[in-house]
Amino acid sequence: MAEKMKQLIERGNKVVMKTYNRFPIAIECGNSMYVWDIEGKKYIDFVAGIAVNSLGYANEALERTIAEQAMKLIHCSNLYYTEPQIELAEQLVAHSDFDKVFFCNSGAESIESALKLARKYAKMKGKAGNEIITMIHSFHGRTYGAVTATGQDKYHKGLEPLMPDICYVPFNDFEALEKAVNEKTCAILMEPIQGEGGILPADKEYLQKVRKLCDEKDILLMFDEVQCGVGRTGNLFAYQTFGVVPDVATFAKGLAGGVPIGAMMTKDFVAQAFQPGDHASTFGGNSLATAAGVTVMKELFENGLLENVKRTGVYMTEQLKKLQQKHPCINDVRGTGFMQGIELSIPTGDVINKCIELGLLLVGAGHDVIRFVPPLIAEERHIDAMIEILDKALTICE
Ligand SMILES: *Cc1c(COP(=O)(O)O)cnc(C)c1O
């Protein structure tokens, strides 16, 4: 490894807590679909900061918004009203089935907000229980409530006791869910497309049945759209792609194009469960983050990014399926829009490392899936460039 990179990595390992297994490269800058490491090597990026950099790198509109907003007002707390926050909330409401937004700073915080709201709502309605059902293989974040909601043992180890009254059922299994529902159930939480768990989409009929069950039993249906939301499926929200409207939805990752933000949305009848003082966030919805969010929304709707994801997403599926014909180690191609994955019968880590060597950034999901969550600006030529490198890497690793 080159000296400059090695030195920086050593400095980092000395002082930054080792909670991540990082790839041994240090990224310096980016432009459009590409990033460069500190040695000047160029990579085409199909990770996008894990589904965060929705407009790619160095997007001029986003740069301008952030610079101008920074000169005007970065933050002033929720003691006061600010226009960027109101404008982003208006746009999210206008393009969804929801009436109200709560802003926070991350995916996990948006889940905490939803968990609290679900229990408050049950109390408000005089319901007996506060049990929340979530899915096996789900991922909802790392704070205590969110990590408890996450249906994967490996994230729970050593953290016990976890938050009480959360239980797990297999995803896409309606009978198991129906059996788990009881008079104490107040909410069901799921990702319409499981992300970290391995790019596992819900069946449409399953979601329809779950919706009906929730209506019959007066249970809140909550979608975690932190990864699959904000344009990734070709609609603003993933629930629109599935045609099933939840009562509560959470967003984060791509919403402000890389500036930290989170949001929870719901309808008025649920929002009433939160009264002044019930929930808050110092940074939540600050002017810088929400101004960035407004710009992301503008790009999605006015610059044809949603259409691009729909069209180019189909192209990516076709190209991945072609690659599958050539490489039998690809067991499955799944997902939709710019949230797709391939399941491999060979170690994914080897393939990802080889791709990085060849100038392509990819990230895993689950234990045998490589995930494709590029910036929403990716075009067919970028898909072609990605496929070419992946093809080479697979040929070497097989
Ligand atoms: C990333 C992710 C989270 C957690 O978001 P953070 O910003 O890391 O807290 C929650 N849910 C889903 C579906 C995610 O993909």
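As a basis for the values below, the full set of heavy atoms in this structure was taken, side chains included, without hydrogen atoms, waters or symmetry mates. Each ligand, and each atom within it, is numbered from 1 in the order the structure gives.
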Would Lys204 count as a cation-pi partner of Phe242, with NZ or CZ less than 6.0 Å from the six-membered ring centre and within 45° of the ring normal? no

Short N or O distance, Val226 and ligand 1, threshold 3.5 Å exclusive: no

Considering only heavy atoms from C-beta outward, does the side chain of Trp36 approach that of Asn31 to under 4.5 Å? yes

Met297 vs Leu236 side-chain heavy atoms within contact, under 4.5 Å: yes

Step through it carefully: locate the ring centre of His95, locate the ring centre of Phe301, and say whether they are under 6.0 Å apart. yes

Under 6.0 Å between ring centres: does that hold for Phe103 and Phe283? no

Trace of the salt bridge (Lys or Arg N to Asp or Glu O under 4.0 Å) decision for Asp268 with Lys100: CA-CA 7 Å; Asp268 269 327; Lys100 294 285 193 303; 2.6 Å; yes

Quiz question for you: does at least one protein heavy atom lie closer than 4.0 Å to atom 8 (O) of ligand 1? no

At less than 4.0 angstrom from any non-hydrogen atom of [X], what atoms of ligand 1 do you find?
X      : value
Ser106 : 7 (O), 9 (O)
Gln227 : 15 (O)
Gly141 : 4 (C), 10 (C)
Asp224 : 10 (C), 11 (N), 12 (C), 13 (C)
His140 : 10 (C), 11 (N)

Could you tell me whether [X] approaches ligand 1 through its side chain, its backbone, both or neither, with non-hydrogen atoms closer than 4.0 Å?
X      : answer
Lys253 : side chain
Glu191 : side chain
Ala108 : both

Taking Ile342 as the starting point, is it possible to reach Met316 by hopping between hydrophobic residues whose side chains are less than 4.5 Å apart? yes

Options Gly195, Ala51, Gly107, Cys104, ranked by nearest heavy atom to atom 5 (O) of ligand 1, top entry: Gly107

Anything under 30° is parallel, anything over 60° is perpendicular, the rest tilted; go ahead and classify His382 against Tyr34. perpendicular

